[in-house]
Amino acid sequence: MEIPKAYDSSQAEEHHYARWEASGFFAPEINQDPNAEAFSIVIPPPNVTGTLHMGHALQHTLMDVLTRWKRMLGYKTLFLVGVDHAGISTQLMVTRQLKKDEHKTPRDIGREVFTVKVWEWKNKYGGEITRQIRREGLSVDWTRERFTMEENLSRSVREVFVRLYEEGWIYRGTRIVNWCPKDKTVLSDLEVKEEKAKDGKLYYLRYPVKDGEKGREGDGETRSGEERNPQSAIRDPQSTITVATTRPETMLGDTAVAVHPEDERYKDLIGKTIALPLTGREIPIIADEYVESAFGTGAVKITPAHDTNDWEIGERHGLEKLIVMNDDATMNAAAGAAFAGLDRFAAREKVVEAFDKLGLLEKVEDYDVTLPHCERCKTIIEPLLSEQWFVKMNEMRDLALKLMREENSPRFFPEIPHKKVYTTWLENLRDWTISRQLWWGHQIPAWYDADRNIYVARTKEEAFEQAGTDKLTQDEDVLDTWFSSALWPFSTLGWTGEEVPSPKSQVPGSGDHNGVSKTGTRDSGTRDLDIFYPTDVLVTGRDIIFLWVSRMVMTGLKFMGERPFDDVIIHGTVLDKNGQRMSKTKNNGIDPLVVFEKYGVDATRMALAGSATGVDFAWRDERVESFRNFANKIWNATRFCLMNSEGASVQNSPPYEGGVAAASADGVVLPATASLADRWIVSRLNKTAKAVNRALETYQFHEAVQLLYHFFWDDFCDWYIELVKDEITSFDAGNEGLGDAEKNSPPVLGGVAAASADGVVRSAIRNPQSEARSRILTILEQALRLLHPFMPFLTEELWQKLPGVSNALHNSAYASSEQTIMLTTFPTGDDSLIDEQAESEMASVIELITKVRNIRAEMNIKSGDRLAIHIAGEMGMRIVFASNEAQIKKLARADNIVLTDSLDVPKASARAVLTGNAEIAVPLEGLIDFEKERARLQGQIEKLDVELQRLNAQLSNANFVEKAPKGKVDELRDRKGEIENQAATLRQNLEALN
RNA sequence: GCCGACUUAGCUCAGUGGUAGAGCACUCGCUUCACACGCGAUAGGUCACAAGUUCGAAUCUUGUAGUCGGCACCA
């Protein structure tokens, strides 16, 4: 078989995905086991306007690893994909295009036409992100793909809205809200980002007090007190009161000035009025505890319609709420003719100028101020009094808090700090503004009659019925995009009752749905909701814990009576190589698609999964490169096995002739005559499999990646392949005594034969070479399965090339499916195949070979020169070395191994000691540099001495010996003895050289 | 202002109450018939600093410094 020397990732990525998808492998219906447990994950729906970034790639990889892993374990898996309609972003995008193409605004064409345009846009460009998800190799079920604006989901939105309204949990109210003057919509608190202003100023404005003189008369004490007060300047003796503000333009809407009731400076002014400059209005001076005397001038201008705190004060004092701005943050008529139409910042300048002219501008100070910005368009938010729809959060919040308190759910990974942050946030939760002044989104199902009475209903007809008239107009606003996202785990699974999935999801040969609920009871014909809700785990970034995670928990508890997911994995943030957050403005983003192109999808997935769960990390191409190299290593190891696969095939639980008949779950069964290398690699494989499963159970993806990397590269490639290389490559050894006909006979343990339907083992002629070849193929095949969830493309590409693979290797739940590695059984590891003795013996062999190689390297022995190795040691070790003589000779490049009780070698030898009281010598007559050898031995002795000193110190500490666990003390004593022996031997060797 | 995380080899990062680990980079040697995206052998760290708990601390506690993040307030 001709196989290229290097792995070409793009070639493998080209065709497998299409086949997987077309064959229905991603759909849960592929699972034919009526008793299979369900496993489900919903994707955090990316914005329809979005393109793939590294954050997606990371979270998608983790979800796909889990899904593929569980699928291979036989779970009935659903990885549900879908896209969010992204109200503001999408509306902006289409508005921009409309302007460019037709020079029109949405208002020009009207709501209906505009909405049609958005749908057209969505159908044309909205597929970008889903194409990219395919590119990533995600095993999502496309037959169940969802979109938040589709009818099923919209119905859920209306249902939830109506029910919450009926319970009084949704209300319409007038509040100060976050207004984005550019997007012209209200935003929730979570969509507002606080940012430091570059050149913040604090303006001190003097307001003339009416009847000032009168108030002052007979109040000389206060005045003299002020003279000692350094802040006396703030209270003008000519009867003005100074207020400080960062937004002077809002003074046009002032309806009071507030001071602290206990503030001696102003006590006498409370109840008086101010002639508000530039407006001709008179406003009262009021007292309110809210005012902090120590801050600013201790007097606060009150603008109830443009500031949250002022609004509250206004409520308390029954102040007028004067709105002085339009929805685009220009001043309105109420601001006065001189200012109407001016932008808020132009108005600010003009107000300041006017005050200056009137001699009422006391001073302007530089001032550090953080201002709220629109998360999306970065425009400075204007707090504005407005009538909006809100969700009352008290009860919802309590549901979520109770779940956390009583059941520690959802479980966050990592738990610190997310559990606490989540809980604290809930405790301080305020009502959620859910209406948005947009056209793209779920229009609020509320209708008004001529008298502005509200009728909330699931349909227009229902509303008409309620109102007893059809003269109703629907609320213009749509709902916050996160409102529909909050329902995602159940709305996507058919909560409102329509049958899901759609017909095209029927997999050939899958028959009925095999609907099995999470509790395992068969309930054919039930909806996905019954089978897959609650979902198992949510994977997302920490930026949407509040926006999304918490709200799903609340709506899930409220409407399903059950949590939406058990676990929440919060992944880290991918930073650029300088540790900075990636952002469009910095233009320091790394495009996953470029990385895919350069290093392959699988290598990228490994690099992402290989980062510790929840921890931010700086992106390094070098890291992906190392996994690209790893992919190539796997490719070439497989290439090697295939080049030597004649007469062999992958085994699945084959009974070896004359060997152990018991089949392990993972299919690797050793013959009684198995070599050390075989027993060792099988042990390593099973240990690795166990550890990988354990790591994935606790979402330690990086741990699994490390385990697989080192198992495959170090154990399998560096040692096992090298150890068995001669055995499987030499064309004579294994086939000795066989005639030509027999050499060409079908594989003795070939997949076809071994997997024959009747299960009868063929009594064929044993062929040790074919067996060895089958063995390595079988180990390799198991390793590929372990790697598959992380590296789906490479493993499928290689697996399909292995001789003897078929759907007989599949998990029984997928027995009749077309052959693919993604439906094989995931190895879970078998304790009975973990062989500590083999591992310890192999460690000795490895140590021996490494020490000899070290001698070769340090003594500059040419690679072609063959050596003799003299080994003295206990019988047990000698037997191990003797039975692996051929391998040792090959890997240590020796032509002779002498095993003795004690060494008897020429002085001109290089020496080393092994663990377990063995020593070795390599005669180097004419090659040895005595000076070098002395230095080498000396170096080794010094290393041992350092450790010995530490051990002595510890063991001579009576407290340690007394209080430490006995096992620990014994361990150190053993270690000390070992080291003492080794050091003594090395010292003797060193002396012998002198 | 409140809360939190991080600080380990040149770089990027794992790890953890009981002999400090990986990848990359570095040094030396290899055209060894799967792979130079490779093979072999080395070198490299008082685990930010200080105090405490402990027989034992890089790991637990407290404090300090630096870096980063979340929340709140901001007249």
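Computed from a prediction, not measured in an experiment: that's the story for all the values here. By convention in this document, chain letters (A, B, ...) are assigned in the order of the sequence lines, proteins followed by strands, and residues within each chain are numbered from 1.
Between the side chain of Gln700(A) and the base of A14(B) there is no donor-acceptor pair of N/O atoms closer than 3.5 Å. With hydrogens and angles left out, the side chain of Lys725(A) and the base of A34(B) share a donor-acceptor pair within 3.5 Å.
Across all strands, Glu722(A) comes closer than 4.0 Å to base atoms (heavy-atom distances). When heavy atoms are screened at a 4.0 angstrom cut-off, Glu194(A) is found touching base atoms of the nucleic acid. When heavy atoms are screened at a 4.0 angstrom cut-off, Glu962(A) is found touching no nucleic acid atom at all. Nucleic acid contact class of Thr370(A) (heavy atoms, under 4.0 Å, all strands): base. Among the atoms of the strands shown, only primed sugar atoms or phosphate atoms (P, OP1, OP2) are found under 4.0 Å from some heavy atom of Asp718(A). Among the atoms of the strands shown, only primed sugar atoms or phosphate atoms (P, OP1, OP2) are found under 4.0 Å from some heavy atom of Thr850(A). In this structure, Ala964(A) reaches the bases: a heavy-atom distance under 4.0 Å links it to at least one base atom across the strands shown. Within the 4.0 angstrom heavy-atom criterion, no nucleotide atom of any strand lies near Glu625(A). Residue contacts shown for Arg936(A) are absent, as no nucleic acid heavy atom lies under 4.0 Å away. Using a 4.0 Å heavy-atom cutoff across all strands shown, Arg975(A) reaches at least one base atom of the nucleic acid. Looking at heavy-atom distances under 4.0 Å, Arg628(A) makes contact with a base.
Under 4.0 angstrom from either OP1 or OP2 of G18(B) there lies no side-chain N or O belonging to Lys968(A). For the pair Trp619(A) and C13(B), the criterion of a side-chain N or O lying under 4.0 Å from OP1 or OP2 is not met. The phosphate of U42(B) has OP1 or OP2 within less than 4.0 Å of a side-chain N or O from Asn854(A). Checking the phosphate oxygens (OP1, OP2) of G38(B), a side-chain nitrogen or oxygen of Asn629(A) falls inside 4.0 Å.
Residue Lys577(A) qualifies as open at atom NZ: its count of foreign heavy atoms under 6.0 Å is 12 or below. Atom NZ of Lys890(A) has more than 12 neighbouring heavy atoms from other residues, nucleotides or ligands inside a 6.0 Å radius.
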Tell me, what's RNA chain B's dot-bracket, Watson-Crick or G-U with both distances under 3.5 Å, | for other-strand, [ ] crossing?
-> (((((((..((((....[..))))..((((.......))))......(((((..]....))))))))))))....
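Side-chain contact between Leu848(A) and Ile888(A) is present, with heavy atoms from C-beta onward closer than 4.5 Å.
Counted by atom type alone, Ser188(A) and Glu191(A) present one or more donor-acceptor pairs between their side chains at under 3.5 Å.
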Yes or no on side chain to side chain donor-acceptor pair (under 3.5 Å) for Asp621(A) and Trp619(A), after CA distance, side-chain angles and deciding distance?
-> CA-CA 7 Å; Asp621(A) 267 6; Trp619(A) 181 264; 3.0 Å; yes
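Using modelled atom types, one side-chain atom of Asn636(A) and one backbone atom of Asn632(A) make a donor-acceptor pair closer than 3.5 Å. Without hydrogens or angle criteria, Arg893(A) side chain to Asp865(A) main chain gives no donor-acceptor distance under 3.5 Å.
In terms of position along RNA chain B, the nucleotide closest to Asp189(A) lies nearer the 5' end than the nucleotide closest to the other residue of the pair Asp189(A) and Val291(A).
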